[in-house]
Amino acid sequence: MKTVLSGIQPSGQLTLGNYIGAMKNFVKLQHDYQCNFMVVDLHAITVPQEPEALREQSESVAALFIAAGIDPNKSNVYLQSHVPPHAELGWLLTTLTSMGELERMTQFKDKAEGKDSVGAGLFVYPSLMAADILVYNADLVPVGDDQKQHLELTRDLASRFNHRYGEYFTIPEAYYPEVGARIMSLDDASKKMSKSNPNPGSHITLLDPPDVIRKKVSRATTDSGSEVRYDPKTKPEISNLMSIYSQCAGVPIKDVQAKFEGVMYGGFKKAVAESIIGVLEPLQKSYEEIRQSGQIHDILAQGAERALEVATRTVDDVKERMGFLPRKC
Ligand code: AMP
Ligand code: TRP
């Protein structure tokens with residue numbers, strides 16, 4: 001069976017962008033692949049986190065994975081920090097990564113922009129992400145399209161290692177949703193929807209109550225026209241809402257336009273909000289049950305244990321190939 005790996009950072013409330021861009025595909029792929037879905041807490045600390053908030057968010061993101069429909073008996077759901085080989089392989093791969101490669105990463109440039117002091121962890125973050133993927137020799141990585149460059153670097157590092165030390169790593173492929181690989185901000189369609197945007201109106205979180213969702217969608221920026229037409233270049237705001245509708249209502253994007261022909265923006269936005277609520281209401285109900293049951297700790301322990309077995313083996317192989325003396329036990 002082929003392997004899938006992906007991760008989401010516990011650095012704030014997850015958004016509808018995380019759901020459409022990544023989590024929805026996690027749920028879809030779990031039936032046909034050996035899947036590993038991680039809460040990437042080691043990545044989250046590349047920007048400052050409050051310890052208590054990090055703990056709460058980590059548990060919350062794990063519970064959201066399960067609430068969204070990931071079956072923890074089929075897939076491994078765990079915290080990155082519970083599987084130390086990620087950090088170890090991250091270091092080994094950092095030594096194969098050039099400064100120039102890291103300097104070109106647009107996520108790094110965006111996050112570092114305007115800051116007086118930038119952590120070195122933020123800079124080497126992509127080598128750790130490469131380790132996350134390569135430590136399981138993952139074939140497929142479901143992500144939103146903002147991760148494209150990181151995936152390319154991962155592929156380059158895998159090839160570089162194979163070239164220097166002999167064929168070992170699988171070269172992974174990215175897996176994007178056909179529609180919604182980049183959900184945009186509700187207040188500015190030139191920026192991606194992000195959990196770290198300080199304006200709460202810019203994004204819908206997976207735990208927003210229905211009335212908040214209705215309000216945020218009704219206030220979403222639109223152009224001054226009135227035609228519900230898919231054209232991301234000239235009508236980015238309406239096209240973004242159409243992508244959201246397409247993914248939440250399960251209607252192909254080409255049919256969304258026909259469905260809303262002659263409908264004004266107000267009516268269309270109401271339908272968009274209801275389609276989101278249709279997805280998030282059951283997810284929120286199951287989230288509450290999971291949190292209250294306390295079962296998440298056992299799920300995470302079981303996921304980490306299974307992941308650790310594979311990851312440890314990979315790091316041992318890699319170290320042997322790189323010339324480390326084995327430890328006698
Ligand atoms: P992050 O929240 O940065 O850890 O992202 C977790 C996953 O969600 C990654 O696969 C991202 O590509 C995806 N993602 C985040 N924001 C968006 C968005 N606005 N649209 C589509 N995918 C997204
Ligand atoms: N860098 C990803 C993001 O910001 C999160 C991530 C870390 C990830 N490790 C990963 C995604 C491995 C896919 C595979 O969204």
Side-chain angles (χ1 to χ4, degrees), residues 3-26 29 35-47 49 57-58 60-61 64-65 68 76 78-81 83 86-87 89-90 93 105-108 110-111 121-122 124-155 157-158 172-197 202-206 232 236 240 243-244 246-248 307 311:
T3 303
V4 160
L5 176 290
S6 196
I8 297 189
Q9 299 185 62
S11 48
Q13 290 274 354
L14 296 200
T15 72
L16 191 62
N18 293 129
Y19 179 78
I20 294 175
M23 264 163 98
K24 199 162 175 258
N25 275 339
F26 297 180
L29 293 169
C35 292
N36 301 285
F37 299 122
M38 255 191 327
V39 179
V40 288
D41 46 5
L42 297 176
H43 276 103
I45 60 161
T46 56
V47 296
Q49 304 289 338
Q57 274 305 127
S58 298
S60 170
V61 174
L64 283 169
F65 282 0
N76 299 330
Y78 55 98
L79 303 187
Q80 188 183 28
S81 62
V83 183
H86 285 262
L89 184 60
L93 293 177
M105 294 291 135
T106 54
Q107 183 169 311
F108 170 73
D110 290 349
K111 288 197 176 177
L122 193 63
V124 297
Y125 168 126
S127 322
L128 178 60
M129 175 163 164
D132 296 340
I133 297 168
L134 300 179
V135 86
Y136 305 105
N137 269 304
D139 299 278
L140 212 57
V141 185
V143 278
D145 85 354
D146 61 334
Q147 297 304 310
K148 210 174 214 160
Q149 224 186 358
H150 292 159
L151 246 299
E152 279 309 316
L153 178 67
T154 303
R155 290 164 59 89
L157 290 174
E173 301 276 346
Y175 185 88
Y176 305 112
E178 262 173 50
V179 170
R182 185 180 288 257
I183 297 295
M184 308 313 281
S185 238
L186 297 179
D187 62 340
D188 178 355
S190 68
K191 292 198 195 119
K192 76 160 187 173
M193 183 181 282
S194 164
K195 51 170 119 80
S196 54
N197 188 320
S202 71
H203 56 279
I204 287 169
T205 83
L206 299 188
N240 188 42
S243 299
I244 292 174
S246 167
Q247 282 285 2
C248 292

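Every number for a ligand or one of its atoms is a count from 1 in the order of the listing. Nothing here was measured: the structure is a model prediction, and the numbers come from that model. Throughout, numbering of the chain's residues begins at 1 and tracks the sequence.
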request  = Could you name the option among G12, A181, G7, A174 that has the heavy atom nearest to atom 21 (C) of ligand 1?
outcome  = A181
Region of H43 engaging ligand 1 - heavy atom pairs below 4.0 Å = neither
query = With no hydrogens and no angle check, is any side-chain donor or acceptor of H86 less than 3.5 Å from a backbone partner on L128?
reply = no
task = Return yes when P177 approaches ligand 1 closer than 4.0 angstrom through a heavy atom, no otherwise.
result = no
message = Ignoring hydrogens, what is the shortest heavy-atom contact between K195 and N18? Give both atom names and the distance.
response = CE-OD1, 3.7 Å
task = May I ask you to identify, for V141, whether its side chain, its backbone, both or neither come under 4.0 Å of ligand 2 on a heavy-atom basis?
result = side chain
note = Among non-hydrogen protein atoms, atom 14 (N) of ligand 1 lies closest to N18 ND2, 3.7 Å
ask   = Does any non-hydrogen side-chain atom of N137 lie less than 4.5 Å from one of T3?
value = no
message = Going by the closest heavy atom to atom 23 (C) of ligand 1, which one wins out of G17, S11, S6?
response = G17
task = Considering the heavy atoms of M193, write down every atom of ligand 1 situated less than 4.0 Å from one of them.
result = 16 (N), 18 (C), 19 (N)
task = If you have a sec, work out which protein heavy atom is nearest atom 20 (N) of ligand 1 and how many Å separate them, to one decimal?
result = I183 N, 2.8 Å
task = Mind checking whether Q9 contacts ligand 1 via backbone (N, CA, C, O), side chain (CB onward), both or neither, at a 4.0 Å heavy-atom cut-off?
result = both
request  = Heavy-atom distances under 4.0 Å are what count here, so tell me which part of Q147 touches ligand 2: side chain, backbone, both or neither.
outcome  = side chain
Minimum non-hydrogen distance to atom 12 (O) of ligand 1, winning option of N240, V143, D146 = D146
ask   = Do any nitrogen or oxygen atoms of T15 come within less than 3.5 Å of a nitrogen or oxygen of ligand 1?
value = no
query = Between F37 and F26, what is the ring plane arrangement, given parallel below 30°, perpendicular above 60°, and tilted in between?
reply = parallel
request  = Report the part of Q9 in contact with ligand 2, treating N, CA, C, O as backbone and CB onward as side chain, heavy atoms under 4.0 Å; options are side chain, backbone, both, neither.
outcome  = side chain
task = Without swapping roles, check the side chain of R155 against the backbone of P172 for a donor-acceptor pair under 3.5 Å.
result = yes
query = Ignoring hydrogens and geometry, is there a side-chain-to-backbone donor-acceptor pair from Q247 to G180 under 3.5 Å?
reply = no
Considering all heavy atoms, the nearest H43-Y125 contact = NE2-O, 3.2 Å
ask   = Tell me: protein heavy atom nearest atom 12 (C) of ligand 2, and distance?
value = L5 CD1, 3.5 Å
ask   = Does I20 come within less than 4.0 angstrom of ligand 1, counting non-hydrogen atoms of the residue?
value = no
ask   = Which of the atoms in ligand 1, numbered in the order shown and given with their element, are less than 4.0 Å from a heavy-atom of K195?
value = 1 (P), 2 (O), 4 (O)
Protein heavy atom at shortest distance from atom 5 (C) of ligand 2 = G7 O, 3.6 Å
remark   = among protein heavy atoms, the one nearest atom 9 (N) of ligand 2 is D132 OD2, 2.7 Å
message = Is the contact between I133 and ligand 2 made by the side chain, the backbone, both, or neither, using heavy atoms and a 4.0 Å cut-off?
response = side chain
query = Can you check whether P10's main-chain N or O pairs, donor with acceptor, with S58's side chain at less than 3.5 Å?
reply = no
request  = Heavy-atom distances under 4.0 Å are what count here, so tell me which part of V143 touches ligand 2: side chain, backbone, both or neither.
outcome  = side chain
Under 3.5 Å: donor-acceptor pair, side chain of S194, backbone of S196 = yes
query = What residue and atom, counting heavy atoms only, is the protein's closest point to atom 4 (O) of ligand 2, and at what distance?
reply = Y125 OH, 2.7 Å
key: Distance filter under 4.0 Å to A22 heavy atoms, resulting ligand 1 atoms   = 7 (C), 8 (O), 10 (O)
task = Check each atom of ligand 1 against the heavy atoms of Q147 and keep those under 4.0 Å away; list them by number with element.
result = 12 (O)
remark   = Minimal heavy-atom distance between L5 and D132, with the atoms involved, is CG-O, 3.4 Å
message = Under a 3.5 Å threshold, yes or no: a donor from one side chain and an acceptor from the other, between D41 and S81?
response = yes
note = ligand 1 to R182, heavy atom cutoff 4.0 Å, flagged ligand atoms 20 (N), 21 (C)
query = Going by distance alone, is a donor N or O of one side chain under 3.5 Å from an acceptor N or O of the other, for Q107 and D146?
reply = no
task = Flag the pair V141 / Q147 as yes when at least one side-chain heavy-atom distance between them is below 4.5 Å, and no otherwise.
result = no
key: Atom indices of ligand 1, in the order listed, that fall short of 4.0 Å to a heavy atom of G180   = 21 (C)
inquiry  = When you measure from the side chain of N197 to the backbone of S202, do you find a donor-acceptor pair of N or O atoms at a distance under 3.5 Å?
reply    = no
key: Main-chain N/O of G12 paired to Q57 side chain as donor or acceptor, under 3.5 Å   = yes
